[in-house]
Number of protein chains: 2
Amino acid sequence: MLKYQQIAGEIEKYIEENELKQGSKLPVIESLMKQYRVSKSTITKTLELLEKKGIIFQVRGSGIFVRRQKRKGYISLLSNQGFKKDLEDYILTSKIIELDVRKPSEEVALHLNMDLNEDVYYVKRIRYINGQTLCLEESYYNKAIITYLNKEIVSESIFHYITEALGLKVGFSDVYLLVDKLNEEEASYLGLEKNSPKLLVESLFHLTNGQPFDFSKVTYNYQQSQFFIQANSLFF
Amino acid sequence: MLKYQQIAGEIEKYIEENELKQGSKLPVIESLMKQYRVSKSTITKTLELLEKKGIIFQVRGSGIFVRRQKRKGYISLLSNQGFKKDLEDYILTSKIIELDVRKPSEEVALHLNMDLNEDVYYVKRIRYINGQTLCLEESYYNKAIITYLNKEIVSESIFHYITEALGLKVGFSDVYLLVDKLNEEEASYLGLEKNSPKLLVESLFHLTNGQPFDFSKVTYNYQQSQFFIQANSLFF
DNA sequence: TAGTGGTCTAGACCACCCA
DNA sequence: GGGTGGTCTAGACCACTAT
């Protein structure tokens, strides 16, 4: 474990356990250096990480402060494939509809940088949150990278399996959001009426080396579609 | 202008001008250090910035590579209040429906950390993209911070005015996404039928010192709701 | 003007990828 | 094993905030 990750974890834990509110002041860099016996750059790296995660914000000439989102019960759009509902208790289950190996469509081949005659794993499942339909998910995995999948793996967290069992490292993803109306099939899977609103989230996941390995289309039940994103400046 | 920002800008420009594709290899850190006559840390900082912006990705032991999104014509969800449509030509206009000073509702006061008897600027406008309705926007600005607004400012880029004319620095924002059906009023403003899908984006913008100054509710025309986000690991 | 975070340097060493 | 990015150090100096 790297020092700056270690320290970031401890600070995060400290904030959680003491239930610090938005705007609470944290110790200054000088103190943190002494407390953890590391250099200033390491603390800076630590704080950068916490800032990226939306846990703190830093103000030059003033200090380091806790950042908290105002609303509870929203799903973080950028965490593991769209989950990790903050604090709140919830039960996530899923039902597998299809799981097979097939040839990619042109669209899928294009996204995954594959030839049309290579193989992909296709997974179609419904996910439930506290017993209600959350989303209909269709995923395509490059079989050359994700060499094996079965029903058991797919019914649990696929990403956990990919990182732990296969030892692959997920790097970055491109996420596309579209809003439209449910077609008949989607509506029946989600238990909604045809033409109800839907949020379609298409994600393309890459390994750290830049290889795309998973293209997913997730259609959300609009009644459960409450997402949040913590954005940093960068763009202003 | 800071060195690492300067260099990042030049590298970004270089990528744009040469239309480098996803996966193109950039010079190694050593070369960049020599080329720009700076230390390794500065180049590292530069590359971190470009990575955060989704312009490159780095692979340990291998090199630095160009990252590009696969699709055109999507709106970046995390840039200035939701715009900056990539490359594509488009014309953004807006029509002001209301602009006044008023007392905040409880919801608004809560988000902006204000008392109910303080003043907010209220702006309601429709935004058009290439002549079609893009969204209906309602914004509340803390008048103690955003001291003055008029129709002219509001019909242009409000954020440009805030940063340039008022000299304020925007720090971070919390973004909440919800999907629902249009009510009668929204439908008529957007020129859609009642009960059509809508994407509601509620954003809370803070200054660099953590003060919230703008709470906005933006209802998007679902036919124009094509957003993308470039996400980095952090969460895997 | 004291305190605090941000930038930058020069250099050592480590972890990972690839031929 | 050679090349490449990532971490970490110690220290100098700068820019902004608060009082």
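Order of the sequence lines fixes the chain letters, A, B, ..., with proteins taken first and strands second; residue numbering starts at 1 for each chain. Remember, predicted model here, so these are calculated numbers, not experimental data.
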- Query: Q5(B) CD to dG6(C) C1': how many Å, rounded?
  - Reply: 11 Å
- Message: Please report the distance, rounded to the nearest Å, between CD1 in I43(B) and C1' in dT7(C).
- Response: 14 Å
- Could you tell me how the ring of F57(B) sits relative to the ring of F172(A): parallel (under 30°), tilted (30 to 60°) or perpendicular (over 60°)? tilted
- Euclidean distance, atom OH of residue Y4(B) to atom C1' of dC8(C) [Å, nearest integer]: 11 Å
- Item | Touch class at under 4.0 angstrom, heavy-atom based, for L47(B) against every strand present | nothing
- Query: So H111(A) and F215(A), would you call those rings parallel, tilted or perpendicular, with 30° and 60° as cut-offs?
  - Reply: parallel
- B/S/- along nucleotides 14-19 of chain C (protein heavy atoms under 4.0 Å) is -BBB--
- So does E138(A) pair up with R127(A), basic N to acidic O under 4.0 Å? no
- Rounded to whole Å, CZ of R37(A) lies from P of dC8(D) at a distance of 16 Å
- Note on the structure: K3(B) NZ to dC13(D) P, in whole Å, measures 14 Å
- Task: Would you kindly say whether N232(A) and R67(A) are connected by a side-chain donor-acceptor distance under 3.5 Å?
- Result: yes
- Query: Should the pair E107(B)-K217(B) be classified as a salt bridge under the 4.0 Å nitrogen-to-oxygen rule?
  - Reply: yes
- Query: Of G63(B) and S39(A), whose nearest nucleotide on DNA chain D comes first from the 5' end?
  - Reply: G63(B)
- Task: Please state whether the phosphate of dT4(D), meaning OP1 or OP2, lies under 4.0 angstrom from any side-chain nitrogen or oxygen of Q58(B).
- Result: no
- Task: Round to a whole Å and report the spacing from NZ of K45(B) to C1' of dT9(C).
- Result: 14 Å
- Donor-acceptor pair (no angle test) under 3.5 Å: K40(B) side chain, dG6(D) base: yes
- Would you kindly give the CD-to-P distance between E48(B) and dT7(C), to the nearest whole Å? 10 Å
- Does any N or O in the side chain of T46(B) come within less than 3.5 Å of the main-chain N or O of T42(B), such that one atom is a donor and the other an acceptor? yes
- Note on the structure: The residue, S41(B) or E51(A), whose nearest nucleotide of DNA chain C is more 5′ is E51(A)
- Item | Nucleotide dC8(D), atom C1' - distance to OH of Y36(A) in whole Å | 17 Å
- For this output row, return yes or no: ring centroids of Y74(A) and Y176(B) closer than 6.0 angstrom. yes
